[in-house]
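The figures here come from the full heavy-atom set of this structure, side chains too, leaving out hydrogens, waters and symmetry mates. Since this is a predicted model, take the numbers as computed values, not measurements.
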Amino acid sequence: MEKRNLDPYLQGVLNRDRRMLAKTITLIESALPADQEFSRHLLDLLMPYTGKALSLGITGLPGAGKSTFIESFGTLLTQKGYRVAVLAVDPSSPKTGGSILADKTRMEKLAVNELAFIRPSPSGKTLGGVARKTRETMLVCEAAGFDAVMVETVGVGQSEVTVASMVDFFLVLMIAGGGDELQGIKKGVLELADAVAVNKADGDNIDRAKMARRQYETAFHLLSPPYANWTPPVVTCSSLTMAGLENILKIILDHRDKLTESGELQAKRKEQAREWLKFLVREGVQEWFYESPAAEVLAHALADVEQGVITPTTAAAKVLECLKGRKF
């Protein structure tokens with residue numbers, strides 16, 4: 001098989017060629033071993049050109065208006081001269097693996113903006129519904145000169161934790177008017193937040209949004225701040241009227257400046273890289289396991305456990321003995 005040339009992809013990304021950027025991301029998302037090896041070499045060459053963009057994670061409850069917020073906030077950034085990449089992870093069907101990939105129809109204005117690039121990716125089977133290759137895609141977008149990279153989560157399960165572990169700033173969107181707002185979000189998500197924005201603060205909802213903001217401010221006082229030099233603010237905004245979006249940008253830039261000055265941002269990125277490596281190793285070991293003879297031992301162990309012949313503890317020990325190479 002003829003060895004593929006990395007140079008067209010490398011130069012295409014660095015020269016901000018949108019067609020080559022899309023082809024590179026498709027290559028990264030490929031499950032073919034040859035494509036995966038090729039993309040790894042390419043990413044190594046692109047690494048020196050990364051690390052300068054604002055990386056933002058956006059999450060929120062269903063109905064919080066994530067897509068509308070991202071379109072409005074992305075539009076604001078482009079008006080200020082930022083080149084913006086949006087990586088929107090769509091939920092895949094657990095039965096068919098199919099994905100709607102409708103983000104471009106939900107972000108019509110941003111989709112035709114010359115300074116914006118929207119890449120919907122199916123979440124696949126990765127824990128929490130976050131696309132397995134989102135981190136690599138972020139690196140490619142940074143190398144392609146995008147000043148801001150926004151990742152939208154599907155807003156369920158562990159996806160918030162996963163996205164928070166790959167971005168510099170994590171914004172949680174909430175809405176008011178649905179009863180006790182604090183019941184609508186888990187403590188763990190608040191602990192991840194670098195800021196909370198109560199969205200849809202417009203029309204006759206403004207007073208309710210202000211009340212919700214006060215509730216979240218109270219909740220934050222009960223939590224330990226994640227950084228020595230940053231206390232997560234709670235603000236209100238409206239994606240429709242653009243009210244409050246300038247303030248959110250100011251908060252994000254202030255967060256970057258303070259954490260860079262203190263060295264906390266650099267430390268955070270190093271920790272994220274370490275956790276990324278460990279995640280990939282765990283995922284690789286799991287894939288290897290199910291392709292090894294030990295998988296057959298597991299199948300027999302499962303049958304024994306179902307029939308009550310042995311305990312799950314004993315069955316697990318038998319399977320792990322196989323991994324130590326003692327017997328199959």
Side-chain angles (χ1 to χ4, degrees), residues 1-6 9 22-47 87 89-101 119-140 151 153-154 156-163 165-166 271-328:
M1 182 174 137
E2 184 179 347
K3 189 174 181 181
R4 283 183 290 184
N5 185 7
L6 282 165
Y9 290 90
K23 286 185 67 175
T24 299
I25 296 173
T26 298
L27 190 73
I28 285 172
E29 292 175 346
S30 172
L32 296 175
D35 288 345
Q36 290 181 358
E37 182 180 1
F38 185 81
S39 64
R40 283 196 295 269
H41 292 308
L42 178 59
L43 284 166
D44 286 340
L45 295 174
L46 290 173
M47 275 296 288
L87 308 180
V89 182
D90 269 294
S92 294
S93 164
K95 292 184 178 180
T96 65
S99 182
I100 300 171
L101 300 180
R119 178 70 181 202
S121 299
S123 60
K125 299 177 182 178
T126 305
L127 175 66
V130 177
R132 176 181 175 183
K133 298 297 184 181
T134 302
R135 292 177 189 264
E136 286 93 341
T137 302
M138 288 176 65
L139 292 177
V140 174
V151 183
T153 80
V154 295
V156 292
Q158 286 291 306
S159 60
E160 291 92 349
V161 178
T162 309
V163 170
S165 72
M166 65 176 80
E271 178 60 24
Q272 287 178 338
R274 286 194 293 267
E275 290 301 315
W276 180 7
L277 169 59
K278 289 190 282 188
F279 168 79
L280 291 174
V281 170
R282 286 194 300 270
E283 191 176 64
V285 168
Q286 183 172 315
E287 288 180 3
W288 167 82
F289 172 84
Y290 284 105
E291 293 174 358
S292 75
E296 187 176 345
V297 177
L298 174 62
H300 290 302
L302 286 169
D304 288 341
V305 168
E306 288 173 359
Q307 294 169 17
V309 177
I310 56 176
T311 66
T313 304
T314 302
K318 284 188 173 184
V319 176
L320 293 174
E321 285 294 312
C322 297
L323 295 180
K324 295 175 184 177
R326 295 183 181 178
K327 52 186 173 183
F328 283 106

Can you pull the salt bridge (Lys or Arg N to Asp or Glu O under 4.0 Å) pairs that have at least one residue in residues 34-47, sequence neighbours excluded? Arg4-Asp35
Can you tell me how far apart OH (Tyr9) and CG (Leu46) are? Round to the nearest 0.5 Å. 12.5 Å
Partner set under side-chain contact (heavy atoms from CB on, under 4.5 Å) for Val281, not counting sequence neighbours: Leu277, Val285
By side-chain contact (heavy atoms from CB on, under 4.5 Å), Leu6 pairs with (sequence neighbours left out) Phe38, His41, Leu42, Leu45
Could you check whether Arg119 and Thr134, counting side-chain N and O atoms only, form a donor-acceptor pair closer than 3.5 Å? no
Non-hydrogen atoms of [X] and [Y] that approach each other most closely:
| X | Y | answer |
| --- | --- | --- |
| Leu43 | Glu136 | CD1-CG, 3.2 Å |
| Phe289 | Ala294 | CE1-CB, 3.6 Å |
| Thr162 | Arg135 | O-NH2, 4.2 Å |
| Met166 | Gln272 | N-NE2, 3.8 Å |

Do any pairs count as a side-chain hydrogen bond (donor to acceptor under 3.5 Å, both in side chains) and have a residue in residues 302-317, sequence neighbours left out, and if so which ones? Thr311-Thr314
By side chain to side chain donor-acceptor pair (under 3.5 Å), which residues pair with Glu296, not counting sequence neighbours? none
If the condition is side chain to side chain donor-acceptor pair (under 3.5 Å), which residues does Arg282 pass it with, not counting sequence neighbours? none
When you check the gap from the basic side-chain N to the acidic O, do Lys318 and Glu321 get nearer than 4.0 Å? no
